[in-house]
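Chain identifiers are assigned alphabetically (A, B, ...) following the order of the sequence lines, protein sequences preceding nucleic acid strands; residue numbering begins at 1 within each chain.
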Amino acid sequence: MAVAAHLPDRRLLVVTAMPVAAFLVLLAALAAASPGLLEAGSLLTLADSAAPLTVLAAGATIVVLCGGIDLSVAALASLASVLLASWAPGLHGWAVPAVVTLCALAGAVQGLVHVAFRIPSFVVTLGGMTLWSALALLASGAATVPMPDSTPTDWAFTRLGGLVPSAVLVALGTMAALAALLRVTPLGRWVRAVGHAEPAARLAGLPIARIKVIAFALSGGTAGLAGVLLVARTFSGAPTLADSLLLPAVAAIVVGGTAITGGHGALWRTLVGAGIVTLLRVGLSYAGVDAAYESILYGVLVVGAVALTIDRSKVSIVK
Amino acid sequence: MAERIQTYGPAAALLALVAVFAVLSPQFRTLGNLQNLLDAGAVLAVVTIGATYVLILGCIDLSAAGVMGACALAVSLLVANSRTALDLGPLGVLLVVALGAAFGCLSGVLSVGLKVPSFMTTLGVSAIGLGVATVLFAGVQPTVSDPWLLQWASGRWLGFTRLTYLALATVALAWLVQRYTRLGRYALAIGGGEDILRLSGIRVGRYKVAAFTLAGACYGLAAVMITAQLGSGIVQAGAGLSFAAITAAVVGGTQLAGGRGGVAHSMVGVLILTVLANGLVLIGVSPYAQRAVQGVIVVFAVGATLWPLRHRLEVVK
Amino acid sequence: MIEVSGLRKAYPGVVALDGVSLQIRPGEVVGLAGENGAGKSTLLKALVGLVRPDEGTISVRGRQVRLRGVAEAAAHGIGMVFQEQSLVPNLTAAENILLGCEGSGVRLGVYRWRRLRELAQAQLDKIGSRVDPMARTETLSFAERQMVEIAKVLAIEERTKEPPVVLLDEPTSVLETEEIETLFAQIERLRKHASVVFVSHRLDEVLQVCDRVYVLRGGQVAGEIDPATADAADLHRMMIGTEATGSHYHDDLHTPPERESVRLSVRGLCGDGFSDVSFDLARGEVVAVAGVHGSGREELCRALFGGRAITAGQVELDGETVRLSSPRDAVRAGLGYVPSERKVEGIVAAMSVAENMALPHTGALAREAQAVEEWIERLRIKTPDRHTAIGTLSGGNQQKVVLARWLLTGSLRVLLLDHPTRGLDVGAKSEVYRLIRDLSASGVSVLMLADSLEECIAMSDRVLVMKEGRVTMTLHTPPGAKPDPVELVKEMV
């Protein structure tokens with residue numbers, strides 16, 4: 001009890017102040033290096049480039065809040081891009097909702113396998129990752145699928161009033177919708193309770209299995225939506241289009257201060273996290289660092305952030 | 001009964017697969033195919049040994065892809081090659097194995113020291129490895145010209161390449177380490193009950209780091225082998241192998257929860273995957289479909305091993 | 001051998017050890033008796049370095065020692081046979097016996113299996129055990145594993161070159177009668193090699209095996225008993241003391257149950273750990289289930305809340321058959337449960353009082369906030385406000401929040417209480433008792449696993465005694481006609 005008593009304060013300080021401070025410091029540093037950055041135009045361009053990543057990480061954050069992890073999101077987004085590009089000629093505008101729904105279903109299936117067979121989520125989603133990317137390769141014949149008529153996805157890659165990128169609004173809207181869902185319904189409380197103390201949540205009579213399946217379905221759905229955003233800006237789908245976004249997405253979640261042990265965290269943190277990841281990437285290229293170092297950066301970032309945010313009172317044995 | 005199935009099930013499945021493919025494909029039954037099969041399985045076998053040492057602890061290692069990428073580039077730059085003036089030969093190979101071990105050690109130290117779950121640290125280390133590989137690659141693919149190293153994959157002795165013998169020797173050595181050394185037995189014990197070892201005053205962290213290091217060394221060796229096969233160093237040398245190795249180990253009966261299985265079990269799994277891949281190609285199935293099959297298999301295999309435990313109230317995250 | 005003096009250990013809200021002093025002499029079997037929470041397990045843990053005392057000293061062979069872990073305790077010749085067994089299941093018995101101190105069994109990191117086997121066999125021979133040292137530990141029976149554990153503790157002798165002290169924590173709780181006889185024979189053999197500390201709930205066993213018995217009560221040594229001249233009744237009287245009175249249990253608030261209206265009816269219930277359990281619970285009745293560790297009462301309580309599988313039998317609630325396959329089913333049927341492991345299973349420490357109280361609630365959030373405020377007031381929960389993290393409250397207030405969770409909706413019909421006062425101080429206990437009385441008066445039926453026999457008898461209208469998974473006796477315990485705890489003890493063992 002003593003541990004629990006003074007834990008929240010220190011945690012909150014580290015976990016809330018640090019990501020926000022890091023974001024601001026990065027922004028200031030970048031602005032100092034390149035004064036043009038703080039103009040509305042370039043800020044919006046920056047935000048636009050962060051949009052797919054943000055959407056991808058949004059649903060996955062809910063899984064992490066439950067104490068699980070979804071490693072399949074990037075592969076699922078790639079699969080979504082291939083399916084969208086292949087279906088758009090036939091289904092037109094319906095292709096987008098069809099793909100997003102299908103991805104949500106794919107996520108739900110992973111959740112079901114996780115709870116029904118009691119397999120750790122990272123294994124299920126690692127298996128899912130392989131399965132989805134194999135299906136994407138099969139469906140596309142391992143080639144880029146061009147989308148000759150981009151009308152179904154134009155809404156996701158345009159500038160409203162010639163200024164605000166629609167993708168940014170989609171990302172913010174997704175975040176807001178999910179946050180509202182967690183706020184207005186008991187789902188938010190339940191997700192956190194499952195993440196913090198699953199045995200207690202179970203004995204309080206919460207529908208644990210349903211909560212987890214919903215979390216995975218949301219994660220799958222936003223992965224699909226991220227795929228849609230990517231198709232909109234590349235005018236094509238490709239079987240490995242989003243694969244390189246897995247680590248940045250995980251990084252965005254944990255850098256924002258959401259603990260992979262579950263319970264501690266929030267959606268807005270992922271927004272901040274995605275901002276940090278994007279600024280770092282842009283900053284590196286400003287500093288003239290070879291893009292090859294990006295991957296190293298993500299690796300260090302993920303491990304470092306997890307180490308800082310993890311709730312060690314919960315893990316007696318680290319596997 | 002359940003234990004019997006878990007012990008002998010994989011071997012039975014292997015025999016069944018061999019029988020099915022032998023009936024379906026006349027080509028599968030040839031001696032030449034047996035050579036292909038073992039040569040094809042050699043790299044996976046060495047990677048799987050590494051993965052097994054970590055799985056036995058109850059941890060998981062997702063770093064093989066990254067570590068192998070870095071090591072493949074490193075070895076192709078250290079032996080006689082098209083880009084650097086270096087020609088270190090066997091010393092270069094040793095250095096690369098040491099580099100792999102260093103990556104493994106890093107995963108271990110991060111997991112143990114920072115108390116971060118291993119799937120997270122090794123995912124990070126994999127990214128670091130890929131980054132190092134990309135930096136070393138620098139846009140120009142190094143081609144290996146060292147005849148000694150290229151001989152590993154091309155020269156045959158009694159019908160098999162040196163890679164096959166190297167893999168067999170590694171398997172034998174790994175089995176001996178697991179059976180007869182303190183490291184091997186304690187690794188098994190950590191998987192069985194880490195807290196009990198701690199209570200007995202054993203420094204669990206050291207043995208964990210050692211197991212991760214050993215795994216890294218295996219990935220380093222596997223990267224050398226794959227570079228010998230390809231004749232050049234590529235960043236993608238280990239792509240998909242992390243997952244394939246874990247699949248092989250789990251399918252063979254090495255449990256994800258730790259403490260169960262071992263090198264011998266995992267090797268049965270390697271043979272299952274290799275036979276499956278070889279057989280499916282011979283009967284004309286797309287290699288992408290095989291990957292899909294692999295994804296399903298691993299979930300299924302883990303599910304099967306956990307099925308007897310499903311009624312326990314423990315929390316699964 | 002060992003001299004403990006003035007040992008004190010306090011946890012927030014509870015003093016587990018309050019100045020305990022005792023001696024253990026060479027070749028002696030010393031018993032420790034006491035109710036749950038008397039401090040037995042804390043004392044044992046202090047002796048093997050798992051708990052660091054706040055005050056007081058432990059001396060081994062005249063030298064004062066500070067123990068910081070099992071390994072250090074072993075270096076001083078103290079080893080413990082844990083109740084929940086501390087063997088690595090996938091290693092051989094020999095490896096477990098020599099774990100961490102293989103000696104000449106391992107040279108330069110390489111195992112010499114033959115030598116290892118000989119070394120382990122030597123330890124097993126000391127207690128005349130016929131367990132195969134090369135057998136994988138998980139293939140052995142519980143009794144065999146216990147022998148391996150004892151051999152493991154005896155192996156300490158090889159390092160210290162002195163007879164060790166063996167602590168046996170509830171060694172008989174899951175053994176069959178014959179196995180218990182064997183164990184007692186082993187303890188007799190042990191005398192030649194070691195001193196033994198024997199802890200058991202079964203008082204007759206303690207008296208049969210031990211040379212001397214220390215009785216602990218409320219973290220203090222209540223006295224010492226010589227088994228030659230005392231019987232179980234003496235021992236029990238000393239364990240209970242005369243601490244509590246009727247007002248502690250709020251006897252004045254007691255309301256007689258409505259016998260004719262059956263709330264919960266359990267018929268032929270079977271599951272893992274219990275079988276063929278049948279009983280009725282009337283409206284407003286408080287029934288306590290008594291039984292020793294392994295009697296199956298915890299399992300029964302869990303199963304009734306859907307937390308464990310029910311394999312046969314049926315449960316009726318107000319005349320309707322209910323299916324209890326998950327806690328969710330149970331909650332929907334109008335059952336509530338207060339688990340014994342409050343910090344792990346009762347509360348979500350990092351979440352707020354309001355969130356914890358309304359955890360299963362699905363209604364409108366505004367009305368929920370109002371209800372939470374109301375219950376904080378009605379139960380006099382001491383918290384700065386409803387948004388405070390529950391982990392920062394005292395144990396008693398946390399427990400009240402857990403109780404309030406089931407009262408919030410007003411649909412509670414049966415409350416299952418698993419050690420509801422565990423780890424609470426006297427004042428908090430009394431408040432929980434009062435709450436139970438209030439609930440019972442409002443028509444809620446209560447099934448309770450009490451923390452002590454006294455609590456069990458004082459709070460209940462009836463007591464079900466469980467033994468080896470079955471209900472062996474029902475005892476009516478109305479106010480004014482409470483039976484002597486000693487009678488109950490006789491039925492339990």
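Sorted by first and then second residue, the pairs that involve residues 89-111 of chain C and meet ring pair (Phe, Tyr, Trp, His ring centres under 6.0 Å), not counting sequence neighbours, are Tyr111(C)-Trp113(C). Sorted by first then second residue, the ring pair (Phe, Tyr, Trp, His ring centres under 6.0 Å) pairs that include residues 241-275 of chain B, not counting sequence neighbours, number zero.
Scanning both residues, Leu199(B) and Leu50(C), for their nearest heavy atoms gives CD2-CD2, 3.5 Å. The shortest non-hydrogen separation linking Gly201(B) to Ala71(C) is CA-CB, 3.4 Å. The two residues Ala189(B) and Val88(C) come nearest to each other via the heavy atoms O-CG1, 3.6 Å. The heavy-atom pair separating Ile202(B) from Leu99(C) by the smallest distance is CD1-CG, 3.7 Å.
Checked against side chain to side chain donor-acceptor pair (under 3.5 Å), Glu345(C) has the following partners two or more places apart in sequence or in another chain: Arg302(C).
The interface of residues 144-152 of chain C with chain B, defined by heavy-atom distances below 4.5 Å, comprises Lys152(C).
A salt bridge is defined here as a Lys NZ or Arg NE, NH1 or NH2 lying under 4.0 Å from an Asp or Glu carboxylate O, and Arg182(B) with Glu95(C) fails to meet this definition.
In this structure, Arg159(C) places its CZ atom where more than 12 heavy-atom neighbours from other residues, nucleotides or ligands lie under 6.0 Å away. The number of heavy-atom neighbours closer than 6.0 Å to OH of Tyr165(B), taken from other residues, nucleotides and ligands shown, is above 12. Lys9(C) NZ: more than 12 foreign heavy atoms inside a 6.0 Å radius. Dense packing is recorded around CZ of Arg112(C), with more than 12 heavy atoms of other residues, nucleotides or ligands lying under 6.0 Å away. The number of heavy-atom neighbours closer than 6.0 Å to CG of Asp329(C), taken from other residues, nucleotides and ligands shown, is above 12.
Distance check, rounded to the nearest 0.5 Å: CG of Leu188(B) to CG of Asn90(C) gives 4.5 Å.
With a threshold of 4.5 angstrom between heavy atoms, Arg179(B) approaches chain C through its backbone and through its side chain.
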